[in-house]
Amino acid sequence: MQADYHIHTYLCGHAKGMPDEYVATARELGLEEICFTDHAPDPDGYDPANRMSMEQFEEYRGMVESARESSNITVLYGIEADYYEDCEKFLGPWLKENDFDLVIGSVHYLAEWGFDNPAERKVWDAVDVDNTWKDYFELMGRLADSGLYDIIGHLDLPKKFKYRPDDNTLKKIAAPALDSIAAAGMSIELNTSGLRRPVEEIYPSLILLRIARERDIPITFGSDSHAPEHVGFAFEEALELARAAGYTQCARYRARKKELIALPGSD
Ligand code: ZN
Ligand code: FE
Ligand code: FE
Ligand code: ZN
């Protein structure tokens with residue numbers, strides 16, 4: 001069984017298609033399970049251009065519920081929530097009071113800089129690349145230590161535009177965050193959207209995935225769909241990557257509890 005655990009909806013303002021169309025693609029591909037994980041709303045005005053409003057949240061919930069009812073595959077209810085300074089104040093209680101199946105934790109900003117936003121790509125030419133990655137992985141470590149989330153979203157997102165440290169530097173920079181992720185009992189996702197970006201690689205790279213494997217960090221699969229045709233995108237390639245890193249199992253989630261199951265084709 002392969003599940004797609006990273007799917008957006010039009011409510012975030014930068015995705016298209018109706019939930020039923022995402023479900024239809026999943027069914028065509030033979031996926032038995034998908035999880036909607038749209039960008040979480042934020043009452044304090046964090047990045048409002050890329051997320052539903054608090055008022056739209058009920059609509060999101062209802063939309064996922066009706067997709068679940070009308071579908072003959074398993075449709076889970078999730079959310080992608082950013083980690084940023086002081087996010088615990090809102091996210092701490094809010095994530096608990098909602099009945100999500102899983103919560104993806106992501107970092108899309110370093111201070112005010114949306115480092116993965118094509119419109120802000122030029123900033124990369126002006127910063128120290130290694131130090132930028134250090135800052136990013138420090139936030140990743142804090143994200144894990146917060147205990148708020150289940151799955152790390154696109155672990156090495158800063159590689160999107162191909163600005164990256166050499167392998168040995170990267171290993172050193174990422175190790176403490178991976179320790180925190182392991183200690184928190186979190187999973188990381190193999191996010192195939194990187195293949196649709198300038199870097200043309202799955203997040204994370206094999207080198208980081210091997211370090212995760214050494215620490216027994218479970219994996220999930222996600223297309224980061226922002227259109228129905230993205231569902232299950234390049235999942236064969238993701239499976240190959242998982243196997244290359246030594247994985248034989250992946251995680252599945254229900255009501256924020258994980259369970260390890262065999263990778264498709266390895267049971
Ligand atoms: Zn998005
Ligand atoms: Fe994201
Ligand atoms: Fe996403
Ligand atoms: Zn994402």
Side-chain angles (χ1 to χ4, degrees), residues 3-19 21-22 25-26 34-42 46-53 56-57 59-60 63-64 75-84 87 91 95 100-110 113-121 136-137 139-140 142-144 146 148-161 177 181 186-199 201-205 208 219-235 238 253:
D4 189 338
Y5 276 178
H6 196 148
I7 296 178
H8 291 274
T9 79
Y10 66 84
L11 287 174
C12 67
H14 58 273
K16 56 174 194 214
M18 295 304 291
E21 300 174 75
Y22 288 79
T25 309
I34 62 170
C35 186
F36 286 96
T37 54
D38 209 359
H39 301 284
D42 189 285
Y46 171 80
D47 193 22
N50 287 303
R51 59 204 59 256
M52 67 185 92
S53 63
Q56 286 173 307
F57 179 63
E59 186 181 344
Y60 176 61
M63 207 157 79
V64 175
V75 174
L76 301 182
Y77 177 45
I79 202 91
E80 178 179 16
D82 281 28
Y83 179 79
Y84 57 91
C87 67
L91 287 179
L95 291 175
F100 297 121
D101 286 302
L102 62 92
V103 177
I104 295 177
S106 300
V107 170
H108 298 99
Y109 283 86
L110 292 169
W113 177 31
F115 63 86
D116 78 319
N117 182 346
E120 298 177 56
R121 175 183 181 155
Y136 172 82
F137 272 107
L139 277 176
M140 272 285 147
R142 279 197 251 159
L143 181 160
S146 76
L148 291 172
Y149 314 87
D150 304 306
I151 302 170
I152 297 283
H154 34 63
L155 176 69
D156 55 357
L157 182 62
K159 75 181 176 185
K160 180 169 175 177
F161 304 121
I181 292 165
M186 292 179 72
S187 302
I188 62 177
E189 63 168 2
L190 274 65
N191 182 315
T192 57
S193 73
L195 292 166
R196 306 192 296 264
R197 311 302 183 205
V199 68
E201 268 181 28
I202 290 168
Y203 306 110
S205 61
L208 290 179
I219 51 168
T220 61
F221 297 89
S223 62
D224 216 337
S225 286
H226 285 77
E229 63 268 27
H230 293 155
V231 173
F233 172 69
F235 269 24
Y253 282 83

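Just follow the structure's listing: the first ligand is 1, and inside any ligand the first atom is 1.
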Report task. Could you tell me whether the Zn ion (ligand 1) has an N, O or S atom of C12 under 2.8 Å away? Result -> no

What one should report as the nearest heavy-atom pair of Y203 and R197 is OH-CG, 3.7 Å

For the Fe ion (ligand 3), angle spanned by H8 NE2 and D224 OD1 (nearest 10°) is 90°

Scanning both residues in full, the closest heavy-atom pair of M140 with L155 reads SD-CD1, 4.2 Å

TODO: Output yes if H6 passes the N/O/S-under-2.8 Å test against the Fe ion (ligand 3); output no otherwise.
DONE: yes

(Q) Any heavy-atom pair between the side chains of H14 and H39 that's under 4.5 Å? (A) yes

Closest heavy-atom pair, E120 versus G114, reported as atoms and distance to 0.1 Å, is OE1-N, 3.0 Å

key: Distance-only donor-acceptor check, side chains T9 and D38, under 3.5 Å   = yes

In this structure, the Fe ion (ligand 2) sits at the vertex of an angle between NE2 of H154 and NE2 of H108 that rounds to 10° as 100°

| said: Under 2.8 Å from the Fe ion (ligand 2), can any N, O or S atom of D82 be found? | reply: no

Row for the Zn ion (ligand 1): angle NE2 (H14) to NE2 (H226), 10° precision, value 100°

The Fe ion (ligand 2) has as its nearest N, O or S atom from E80 the atom OE2

**Report entry** Between Y109 and Y46, ring centroids under 6.0 Å
**Finding:** yes

